[in-house]
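All ligand and atom numbering here is 1-based and tracks the order in the structure.
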Amino acid sequence: MLLCGFACPGDTAIIRAIKSIARRSPFRNMTTRGGHTMSAAMTNCGHCGWVSDARGYRYETIDPLTGKSWPDMPGMLARLGHRAAAAAGFTDFHPDACLINRYVSGSRMSLHQDRDEADFDQPIVSVSLGIPATFLWGGLKRRDRPEKITLVHGDVVVWGGPDRLRYHGIATVKDDRHPLTDHARINLTFRKAH
Ligand code: SIN
Ligand code: FE2
C-alpha cells in the first residue's frame, strides 16, 4: 500500500532525528559477501541493525563500526512506523529495527527480498524523504518484471502478508535537490527483526 505524503507532518523532526542518529552511528557503504560495495550509504537505529559484510547479511545489536549499541529508535519514529502499518491494515506492528539508507545521484538498490527478519507475518514499512526515486516493485520471483512507482518526499510504502517477500529495489537515482535533504534521498525501513 502506498500512503502518499503520510510522513510529511513532522518531516523536519524526522530529519533532525536522523542527523542525530548519524552523529552516533555514521552512514557507511557496506560491502556484500561477494565483495561489492553498496551504493547507498546506511546506518540503523533500534534494538538491532541490518549489516552486510564478507560474512553476509544479518541483524546485529552492536554497530560494527563503533563497537557500541545502535542509537535508540526515537519514539516519534517507532510511532510513525506503527501508525503507517496500522493504516495499511497491519495492527500490532512494533518495529525493533530501522534501517536508514541514503542515496545520492547514481546510487541504486538492486532487486532483493527482505528475508533476514524472523517473522514474515510482520510487514515492512518504508518511508521516503528528500529527492524522488523510482521504486521497483517486483513479484515473488526475481525474473518477474517490476512495476515502477515514483516515490517522493513523505511517501510511505507498506508491504506484508502475501506480498511480504516480493522483490523490490530502487532504480539509479537522478540528481535533484530537496530543501530538507539537499541532494539526497533518505529511506527508512521499519522492521520487526527479532
Ligand atoms: C530497501 O529495500 O531496504 C530500501 C528501499 C528504498 O530505499 O526505498
Ligand atoms: Fe528491501
Peer 1: Salt-bridge test for K192 and D119: reply yes if a basic N is under 4.0 Å from a carboxylate O, no otherwise.
Peer 2: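 No, no charged N to carboxylate O under 4.0 Å.
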Peer 1: Quick one: ring pair (Phe, Tyr, Trp, His ring centres under 6.0 Å) partners of Y57, sequence neighbours excluded?
Peer 2: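 Per chain and number, Y57 pairs via ring pair (Phe, Tyr, Trp, His ring centres under 6.0 Å) with W50.
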Peer 1: Spell out the protein N/O/S atoms under 2.8 Å from the Fe ion (ligand 2) as residue plus atom name.
Peer 2: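 Near the Fe ion (ligand 2), below 2.8 Å, one finds H112 NE2, D114 OD1, H168 NE2.
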Peer 1: Answer yes or no: is there a donor N or O on one side and an acceptor on the other, between the side chain of D96 and the main chain of H194, under 3.5 Å?
Peer 2: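 Here the side-chain-to-backbone pair exists.
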Peer 1: If you group Ile, Leu, Val, Met, Phe, Trp and Tyr by side-chain heavy-atom gaps below 4.5 Å, do F6 and I100 land in one group?
Peer 2: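 Yes, same cluster.
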Peer 1: Identify whether the distance between the nearest side-chain nitrogen and carboxylate oxygen of E60 and R58 falls below 4.0 Å.
Peer 2: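 Between R58 and E60 there is a salt bridge, with a charged N closer than 4.0 Å to a carboxylate O.
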Peer 1: Output yes when D144 and K141 qualify as a salt bridge under the 4.0 Å nitrogen-oxygen rule, no when they do not.
Peer 2: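 Salt bridge: no.
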Peer 1: Would you call C98 and F190 a side-chain contact if the rule is heavy atoms closer than 4.5 Å?
Peer 2: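 SC-SC contact between C98 and F190 confirmed.
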Peer 1: I'd like the atom pairs linking ligand 1 to the protein - N or O on both sides, separation under 3.5 Å - with distances to 0.1 Å.
Peer 2:
residue: ligand 1; atom: 2 (O); partner: H112; partner atom: NE2; Å: 3.1
residue: ligand 1; atom: 2 (O); partner: H168; partner atom: NE2; Å: 3.0
residue: ligand 1; atom: 3 (O); partner: R191; partner atom: NH2; Å: 3.2
residue: ligand 1; atom: 7 (O); partner: Y103; partner atom: OH; Å: 2.5
residue: ligand 1; atom: 7 (O); partner: R185; partner atom: NH1; Å: 2.9
residue: ligand 1; atom: 7 (O); partner: N187; partner atom: OD1; Å: 3.4
residue: ligand 1; atom: 8 (O); partner: R185; partner atom: NH1; Å: 3.4
residue: ligand 1; atom: 8 (O); partner: R185; partner atom: NH2; Å: 2.9
residue: ligand 1; atom: 8 (O); partner: N187; partner atom: ND2; Å: 3.1

Peer 1: Got a sec, which residues hit ring pair (Phe, Tyr, Trp, His ring centres under 6.0 Å) with H112, two or more places apart in sequence or on another chain?
Peer 2: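 Listed in chain order: H168.
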Peer 1: Under a 4.0 Å threshold between the charged nitrogen and the carboxylate oxygen, would D63 count as salt-bridged to R28?
Peer 2: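 The answer is yes: the pair qualifies as a salt bridge.
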